[in-house]
Amino acid sequence: MTTRGLEKTVHVRAPGKINVFLKVGAVMDDGYHDVATAYQAVSLYEDVYASPASDFSVRFGGHIDTSGLETDGSNLAMRAARLLARKTGFRGGVSLAIDKNVPIAGGMGGGSADAAATLLACDALWGTDVGREELLLLAAELGADVPFAFTGGTAIGTGRGDQLSPALAKGQFHWILVLPDHGLSTPEVYRELDRHRERHSQDIFPAQGQPLVDTDVLQALRAGDPHMLAESLHNDLQAPSLHLNPGLAAILEVGEANGALAGLVSGSGPTVAFLTADIDSALELQIALSAARYHVVRVTGPVAGARIVGD
């Protein structure tokens with residue numbers, strides 16, 4: 001086993017994501033759901049620093065409260081490092097330092113970005129050279145959103161979201177994110193979706209077994225037209241997220257009253273993403289939402305996936 005690169009720290013940056021479209025199929029026998037989603041990677045990043053060590057450890061920093069995050073073997077970044085070591089026969093360890101900027105349990109895939117960045121960082125640090133395709137296969141073992149954090153850009157995800165196909169996207173989209181004070185559990189949001197569908201079984205169509213991304217979304221992305229995309233934004237998890245966190249409805253109202261083309265809950269929430277027409281509209285909305293005392297961030301998409309930073 002080669003050990004080239006073990007003398008230095010490797011820095012990898014990976015983006016958070018917005019689900020600009022998300023349809024969820026019926027619950028399956030294993031408790032999971034098939035989904036059809038359109039991912040867009042946005043310019044809110046996790047920074048992972050991997051350094052040589054004899055064992056495995058992780059610590060967190062950054063601009064958000066990380067006090068509630070696990071640092072043991074259950075942490076997704078730790079699981080990523082151990083998985084790569086196990087698959088390649090690498091016998092050392094790694095010290096991970098992660099600066100977090102993507103909201104925790106916010107529906108933007110921050111933990112998935114950590115895992116994707118860790119795979120790439122450890123592969124470079126250890127010199128295991130497993131290759132991009134193998135890293136993507138390992139990413140899929142770790143979670144549905146991890147492969148997309150690795151690839152970035154814009155993509156369609158099917159299955160559990162991990163079966164990716166690139167989607168053409170022209171130009172740049174401008175988003176304002178309202179970041180949550182408290183996260184939502186993804187499994188709980190899915191359970192609430194199932195309960196919501198059962199409660200309203202007489203009023204709504206049964207969930208599709210194999211959902212599809214609407215062609216309107218693909219056309220809007222391909223055209224690079226935010227007005228078209230605003231008409232196509234959709235998230236089946238928005239209703240259960242609003243039920244679990246009713247305060248999200250007020251955020252959506254404020255944003256749409258102050259110039260947003262449209263707003264939606266990202267993924268399982270509770271981050272709310274507002275699409276704007278251009279950078280000037282984004283700046284105006286950022287000011288209005290900040291004045292309303294919301295924690296807001298202005299981002300653009302699509303951006304690249306996990307990448308090594310520097311030499």
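Note that the coordinates shown come from a computational prediction; the quantities given were computed from them, not determined experimentally.
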Colleague: Can a salt bridge be assigned to the pair E188 and R195 using a cut-off of 4.0 Å between side-chain N and carboxylate O?
Modeller: yes
Colleague: Under 3.5 Å, is there a donor-acceptor pair between the side chain of S241 and the main chain of S268?
Modeller: yes
Colleague: If I compare all heavy atoms of K17 with all of F148, which pair ends up nearest, and what's the gap?
Modeller: CB-CE2, 3.7 Å
Colleague: Is L285 linked to L177 within one hydrophobic cluster, defined over Ile, Leu, Val, Met, Phe, Trp and Tyr using a side-chain heavy-atom separation of less than 4.5 Å?
Modeller: no
Colleague: Roughly how far apart are D72 CG and R79 CZ, rounded to 0.5 Å?
Modeller: 11.0 Å
Colleague: Quick test of your reading of the model: are E192 and R197 salt-bridged, counting only N-O distances below 4.0 Å?
Modeller: no
Colleague: Indicate whether the side chain of H234 and that of D236 have a donor and an acceptor atom separated by less than 3.5 Å.
Modeller: yes
Colleague: Rounded to the nearest 0.5 Å, what's the gap from CG on L264 to CZ on F274? Could you check?
Modeller: 9.0 Å
Colleague: Hey, what do you get for NE2 (H182) to CG (N245), rounding to the nearest 0.5 Å?
Modeller: 9.0 Å
Colleague: For the side-chain contact (heavy atoms from CB on, under 4.5 Å) test, which of T300, V299, V20 pairs with Q40?
Modeller: V20
Colleague: Contact between Y45 and V303 at the side-chain level, heavy atoms closer than 4.5 Å - yes or no?
Modeller: yes
Colleague: Checking side chain to side chain contact (heavy atoms under 4.5 Å, CB included) for the pair L218/V213: CA distance, chi angles, key distance, verdict?
Modeller: CA-CA 8 Å; L218 302 177; V213 173; 4.2 Å; yes
Colleague: Would the distance check show the side chain of E284 and the main-chain N or O of G259 forming a donor-acceptor pair, the cut-off being under 3.5 Å?
Modeller: no
Colleague: Does the pair V10 and Y49 meet the rule for a side chain to side chain contact (heavy atoms under 4.5 Å, CB included), with working shown?
Modeller: CA-CA 6 Å; V10 177; Y49 301 85; over 6 Å; no
Colleague: We want to know whether Y39 and D145 form a side-chain donor-acceptor pair, criterion being a heavy-atom distance below 3.5 angstrom.
Modeller: yes
Colleague: Compare every heavy atom of A50 with every heavy atom of L125, then report the nearest pair and how far apart it is.
Modeller: CD1-O, 3.8 Å
Colleague: Please answer whether the main-chain N or O of H174 pairs with a side-chain N or O of T276 as donor and acceptor at a distance below 3.5 Å.
Modeller: yes
Colleague: Please determine whether the number of non-hydrogen atoms from other residues, nucleotides or ligands lying under 6.0 Å from atom CG of L137 exceeds 12.
Modeller: yes
Colleague: Answer yes or no: is there a side-chain heavy-atom contact under 4.5 Å between T37 and I156?
Modeller: no
Colleague: Do the side chains of V58 and I104 join up, straight or via other hydrophobic residues, at under 4.5 Å, putting them in one cluster?
Modeller: yes
Colleague: Charged N to carboxylate O below 4.0 Å: is that the case for K170 and D225?
Modeller: no
Colleague: Using side-chain heavy atoms (C-beta onward) and a distance below 4.5 Å, is L120 in contact with L135?
Modeller: yes
Colleague: Mark yes or no for whether S232, through its side chain, and M228, through its backbone, hold a donor-acceptor pair below 3.5 Å.
Modeller: yes
Colleague: Check whether any side-chain heavy atom of D114 sits under 4.5 Å from a side-chain heavy atom of L76, and report yes or no.
Modeller: no
Colleague: Between F56 and W126, what is the ring plane arrangement, given parallel below 30°, perpendicular above 60°, and tilted in between?
Modeller: perpendicular
Colleague: Quick one: does L22's side chain get under 4.5 Å of L237's, heavy atoms only?
Modeller: yes
Colleague: Exactly one of K87, R82, R86 should register a salt bridge (Lys or Arg N to Asp or Glu O under 4.0 Å) with E141. Which one does?
Modeller: K87
Colleague: Shortest non-hydrogen contact from K100 to T66?
Modeller: CD-CG2, 4.1 Å
Colleague: Could you tell me which non-hydrogen atom of S112 sits nearest to which non-hydrogen atom of A149, and how far apart they are?
Modeller: O-CB, 3.8 Å
Colleague: Looking at D214 and K23, is there a salt bridge between them, counting it only when a charged N and a carboxylate O are closer than 4.0 Å?
Modeller: yes
Colleague: Are any of the side-chain heavy atoms of L229 and L275 separated by less than 4.5 Å?
Modeller: yes
Colleague: For the pair Q286 (side chain) and V296 (backbone), establish whether a donor and an acceptor sit closer than 3.5 Å, ignoring hydrogens and angles.
Modeller: no
Colleague: Kindly say whether A169 contributes a backbone atom to a donor-acceptor pair with the side chain of T154 at under 3.5 angstrom?
Modeller: no
Colleague: Does the side chain of D47 pick up a donor-acceptor pair with the side chain of H11 at under 3.5 Å?
Modeller: yes
Colleague: Give a yes or no answer on whether the side chain of N235 reaches the backbone of F21 with a donor-acceptor pair at less than 3.5 Å.
Modeller: no
Colleague: Which atom pair, heavy atoms only, marks the closest approach of V42 to P15?
Modeller: O-CB, 3.4 Å
Colleague: When rounded to the nearest 0.5 angstrom, what is the spacing between CG in D99 and CZ in F60?
Modeller: 10.5 Å
Colleague: Hey, any chance M78 and L119 share a hydrophobic cluster, counting ILVMFWY side chains that come within less than 4.5 Å of each other, even indirectly?
Modeller: yes
Colleague: Would you check if the side chain of E256 reaches a backbone N or O of L261 as a donor-acceptor pair within less than 3.5 Å?
Modeller: no
Colleague: State yes or no: do V130 and F150 share one hydrophobic cluster built from I, L, V, M, F, W and Y residues joined by side-chain heavy-atom distances below 4.5 Å, directly or via other members?
Modeller: yes
Colleague: As an exercise, state the distance from CG of L164 to CG of L136, rounded to the nearest 0.5 Å.
Modeller: 7.5 Å
Colleague: Give a yes or no on whether the backbone of D129 and the side-chain of D123 come within a donor-acceptor separation of less than 3.5 Å.
Modeller: yes
Colleague: Are M108 and V178 linked, directly or through intermediate hydrophobic residues, by side-chain heavy-atom contacts shorter than 4.5 Å (ILVMFWY only)?
Modeller: no
Colleague: Are side-chain heavy atoms of V265 and T271 found at a separation under 4.5 Å?
Modeller: no
Colleague: Would you say R59 has more than 12 foreign heavy atoms packed within less than 6.0 Å of its CZ?
Modeller: no
Colleague: Supply the atom-to-atom distance E253 CD to L248 CG, rounded to the nearest 0.5 angstrom.
Modeller: 11.5 Å
Colleague: Could you walk me through whether V217 and E231 pass the side chain to side chain contact (heavy atoms under 4.5 Å, CB included) test, one step at a time?
Modeller: CA-CA 9 Å; V217 179; E231 295 293 323; over 6 Å; no
Colleague: Are the side chain of S266 and the backbone N or O of G107 linked by a donor-acceptor pair below 3.5 Å?
Modeller: yes
Colleague: Looking at side-chain heavy atoms only, is the closest gap between T158 and D34 below 4.5 Å?
Modeller: no
Colleague: Work out which heavy atom in Q238 is nearest to a heavy atom in L252; give both atom names and the distance.
Modeller: NE2-CD1, 3.8 Å
